Each structure stands twice: as C-alpha cells, then as structure tokens.
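First up is the structure itself, then whatever we jot down about it.
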Amino acid sequence: MLACDDLLHPHPHVALLPSAGMGHLTPFLRLATQLVHHHCNVTLITTHPIVSLSESKLITHFLAAFPQVNQVEFNLLPLDHTTANSTDPFFLHFETIRRSAHLLSPLLASLSPPLHALVCDVTLISSVIPVTESLHLPNYILFTSSAKMLSFFSYFHIYASKAGDDYPAMLGDVEIPGLPSIPRSSIPPLLLIPNNLFANIFKVDSPKVTKSNGVLINTFEGLEALSLELLNGGKVVEGMPPVFAVGPLVPCDFEKGELGNNQLKWLNEQPVGSVVYVSFGSRTAMSRVQIREIGHGLIRSGCRFLWVVKDKKEEEGLEEVVGHELMESLKAKGLVVKNWVDQGEILGHKAVGGFVSHCGWNTVIEAAWHGVPILAWPQHGDQKINAEVVESSGLGMWVASWGWGEKDMVKGDEFGERIREMMGSELLRGQATHIKEEARKALGDGGSCEMTFKRLVAEWKMKS
Ligand code: UDP
Ligand code: G50
C-alpha cells in the first residue's frame, strides 16, 4: 500500500548530466543505479558526440541493464578549437558542453513528467546554473573528486583573488580554514599556468558552487570526516549548500567487461595478499623510460604483480613498449597487460594485497571499498590532494618527494623499495581493513548512504 506522502508526491524525476571521461561518467552511472534503487525516475542526458569508445560502451551496458532509465541525447554545437586554449580532448569536451548549455533549456523543459532536479557534473557549473535558474529547476552538482578537493575548489576563488594581478605567480600554500595547509606543490599544475582552458573553467566555476542547491560527493565519513564537517558547517566558504556524502559509489555489474579471464585465472593461482596491482587509471600514459624503470622496480620489489601498462601510443604492442628482454624477466613473477581491466574485480580478489595508484578519486574509493592499501603516486590534476587523503586517512602511504609523474622520474630501485615497504606493512593492512569496514557500514542497511539518499529524495519531493 502506498503511504499518504507517496500519493501526494510521486517519485521524483531527476536528470543527470555527466561530462567527459570515464572518471566523470562512471560515478554518474553508479549514482543513477542508487537513484533507481531509491525509486527515482532517472533521465540520463548523453552528449553527442562523445569523446571515447569506452564511454559509449559503458553507456550501452548501463542502459541495457537499466531499461527503466530514460535516455535523451544532447546534440552539441561544434567547437571552434582556435578559441579554446587546450589540446586535451577531455577539456575540449567540457568546453563544448559548456558552450552548448543554452540548448539544454528546451530539452529539460520538454521532459515528462516534469523534472524535480538536475544533477550536473562539476565541470559544467557556471554554464548550467543560468539554465536551471531560468527554468526554476533545482540544480545539484556531482563532485567527482574528494571532499578535500571540494574544499580546495570552493575556496579557490578566494585564494586566487589574494594573488590579485600577479595570479598565479604569487600563489603560496593554500590555507583553508580548519584544514591542514595544502602545499603549493600539491595544487593541480594547470592552475599554476596562466590562461589555459582547465584553469579558466576552474576559476569561473569556483564561486558558483554556492549557487547550487546541493553538492553530491562520492565519499564517506570514515574516509573524510573533517572535510565533510567543515564543508557542511559553512567553515570553508560561507553559503555552502548542503554537501551530501553519497559514497562509496562502488563498481556495479553493468561495468563488467568481457575481458579479464586471463588475469582472473592468473590471480586465482597466487597466494592470498601476495600480489601488488599497479595501474595509473584510464588517462595517464607514462614515458617509455619511466615504464621501463617501473618494470625494473617491480622485479626489484621481489613481489608478485599485476601491472597495467598505458603507453602514449595506444596501438603499440606491449612487447615494444616494455622491451623484449625486460618482458621476459617480468614474466617470472607477474602478469603485464596493456588493455582495459576490470579493476573492481581485481581489487576485490583475495590475492591482491597492495595497489600502486595514481589516486584518481574513483580508484581511491574502490580501493577503500576492498580494503586494499595504496602506495600513492599522483600524476596529474587533483591526484596529490587525493593522495593526502589516502595518507591522512591511513588507507595508504605517499612518497611526496616523487613529485608529479610527467616531470619527475622515479628510479626503479626506489620504486621497488617502496613497494616492499607497503606490502610488508601490517599497520597499513590493519588501517585499510578498518576503512573497508567503515565503507561497508556506510553502504549497508540503515547506513549513511541510505540516510543521505532518503534526505535527498525527500528534499526533491518537497521542491515539487
Ligand atoms: N578503470 C578500469 N580499468 C582500467 C582503468 C580504469 O576499470 O583499466 C576504472 C577504474 O576502476 C575507475 C575509473 O576507471 O572506476 C577511473 O577513474 P579514476 O577517477 O580513478 O581515474 P582517471 O582514470 O579518471 O584518472
Ligand atoms: C581532471 C583533471 C584534472 C583535475 C580534475 C579532473 C579535478 C576534479 C575536480 O577531474 O580536479 C574538478 C575538475 C574540474 C573542475 C572543477 C573540479 O572545473 O584532468 O584537477
């Protein structure tokens, strides 16, 4: 029987607008599954064109698994690249969506039943908010990184304004009220280069966070209690809307690919906790020299390993990238692959006892979910700020002196030594297990996730 409230307020209809890259799309689709679970009507807005084949495949799998989700295509205007100060296809796609945002208005208005809210990606804020405002439609942001990064992002305009005309040369360490200082060296490097597309978007969007009705974020108390408390207490910036910790958003069945049998077979043959998994995410390709140092380091560590290699040339064979001789030596103790892997499955395998990671945020949450200790080696963007969370939460260790991946080389000997340290640490293992338990509590019956979604759904119903 329907409760009286349900009769008065039917299930809320929410539209989701992701932007480019697996790191942004994946948490949106995981969020969609949670919203379906909490009886929302969900419309997924997919952009046309899309950046990568992996993204369109994932959307197809998702829609096949969730036929109740409505899909609408958002046709983007062509972007004049000469006006966009970037060569990164993902940043260019953010900009293409931003410049097409006015076309969203008729699309959103035509949806039936009428929408209760739009949840848009963090990279689209200042172009989407005027659209939702004109439609009197509540606007929520999905922040695809850590709560610490959200603190940095929402505080950034205040920090940058202190440098005045000398931005970014005059920027020092970042002192966010209540949080440990963020060293200048941890700031996403593009923000320290004048006039590039990423920095321009970041700067204009930062003061607009307070114009949204709420921020959904893929994290949980057990990992980031302090940042969440400061953000929600209005300590980071005044007028911060509610921050809803909807995490952990964890891998779902629709993400499972057809690959991986080989890896699974190999992992099944390894002793419990003996394997270090090495991967730098969907976007980071290393230089050939660095790739070979990593290979030597893995041998030097003496551990078993599963290493996902990503080269700048996608089509080049693994043997060419790693080198034939090194490849032969690597085979003695490990498995080396150069393709998309099912990371959720790998991290959940009992043979895996440690993870060398770039600290893309989805990845950090997945490691936390499975209680796998991390050796952080941030490469770009928000990853050093995420690595600080990994270290301070106890989920892993971070060798800050390694610097950014692209600029600073890490020698094989040093790399191998640190892997031994992580794999041998009882302390890290215990801490990671504790965080796993917290993550399971958060997502369990009556946990913080369920409470948060109930609050959100109630809020959306009230606004109708
Ligand atoms: N991923 C995967 N297989 C791969 C590489 C990445 O399943 O071979 C997934 C990973 O599990 C995560 C997402 O892709 O969910 C990557 O997002 P993240 O934010 O960690 O980093 P990015 O790739 O955006 O740097
Ligand atoms: C991708 C990237 C660099 C980078 C980030 C990326 C983030 C995430 C949060 O996702 O910092 C964020 C991105 C864009 C934005 C605001 C916040 O405008 O390559 O730093």
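Just follow the structure's listing: the first ligand is 1, and inside any ligand the first atom is 1. Being a predicted model, the structure only gives us computed values, none of them experimental.
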Query raised in the report: Would you say the side chains of E221 and S448 form a donor-acceptor pair under 3.5 Å?
Result: no

Query raised in the report: So which protein heavy atom does atom 24 (O) of ligand 1 come closest to, and at what separation?
Result: G23 CA, 3.5 Å

Report summary line: Looking only at protein heavy atoms, what sits closest to atom 5 (C) of ligand 1 is W340 CZ3, 3.4 Å

Query raised in the report: In chain order, what residues pass the side chain to side chain contact (heavy atoms under 4.5 Å, CB included) check against A439, with sequence neighbours excluded?
Result: F220, P248, W369

Query raised in the report: What residue and heavy atom of the protein are closest to atom 19 (O) of ligand 1, and at what distance?
Result: N362 ND2, 2.8 Å

Query raised in the report: Would you say ligand 1 has an N or O under 3.5 Å from any N or O of Q343?
Result: yes

Report task. Using a 4.0 Å heavy-atom threshold (strictly under), name the region of R30 that reaches ligand 1: side chain, backbone, both or neither. Result -> side chain

Requested in this report: Would you mind checking which non-hydrogen protein atom is closest to atom 11 (O) of ligand 1, with the distance to 0.1 Å?
Outcome: E366 OE1, 2.6 Å

Report summary line: For atom 20 (O) of ligand 1, the closest protein heavy atom turns out to be T363 OG1, 2.5 Å

Query raised in the report: Does the side chain of P241 come within less than 4.5 Å of N213's, by heavy atoms?
Result: no

Report task. Give a yes/no on ligand 1: does Q379 have at least one heavy atom closer than 4.0 angstrom to it? Result -> no

Requested in this report: Quick one: list whatever passes side-chain hydrogen bond (donor to acceptor under 3.5 Å, both in side chains) with D121, sequence neighbours left out.
Outcome: S19, H24, T123

Query raised in the report: So is R283 actually on top of F91's ring, under 6.0 Å and inside 45° of the axis?
Result: yes

**Report entry** Shortest protein contact, atom 23 (O) of ligand 1 (heavy atom only)
**Finding:** S282 OG, 2.5 Å

Query raised in the report: Are the charged groups of K208 and E133 less than 4.0 angstrom apart, N to O?
Result: no

Query - Aromatic centroids of F94 and F90 separated by under 6.0 Å - result: no

**Report entry** Backbone or side-chain N or O of D342 under 3.5 Å from ligand 1 N or O
**Finding:** no

Query raised in the report: Which ligand 1 atoms does W361 reach within 4.0 Å, using its non-hydrogen atoms?
Result: 19 (O)

**Report entry** Basic-acidic side-chain contact under 4.0 Å: E438, K441
**Finding:** yes

Report summary line: Taking only non-hydrogen atoms of G281 and a 4.0 Å limit, the atoms of ligand 1 in range are 23 (O)

Requested in this report: Could you tell me whether the side chains of E55 and S52 share a donor-acceptor contact shorter than 3.5 Å?
Outcome: yes

Query raised in the report: Would you call K338-E316 a salt bridge at under 4.0 Å N-O?
Result: no

Show me the short polar-atom pairs for ligand 2: any N or O of it lying under 3.5 Å from a protein N or O, with distances only.
| from | atom 1 | to | atom 2 | distance (Å) |
| --- | --- | --- | --- | --- |
| ligand 2 | 10 (O) | H24 | NE2 | 3.1 |
| ligand 2 | 19 (O) | R283 | NH1 | 3.4 |
| ligand 2 | 20 (O) | D382 | N | 3.2 |

Query - Polar contact flag, side-chain donor to acceptor under 3.5 angstrom, T26-E255 - result: no

Query - Distance from atom 7 (O) of ligand 1 to nearest protein heavy atom, with residue and atom - result: V341 O, 3.2 Å

Query raised in the report: Is E269 paired with K265 through a side-chain N to carboxylate O contact shorter than 4.0 Å?
Result: yes

Query raised in the report: Who's the nearest protein heavy-atom neighbour of atom 25 (O) of ligand 1, and how far?
Result: H358 NE2, 2.9 Å

Report task. Please identify each residue that fulfils side chain to side chain contact (heavy atoms under 4.5 Å, CB included) with M423, with sequence neighbours left out. Result -> V276, C303, I419

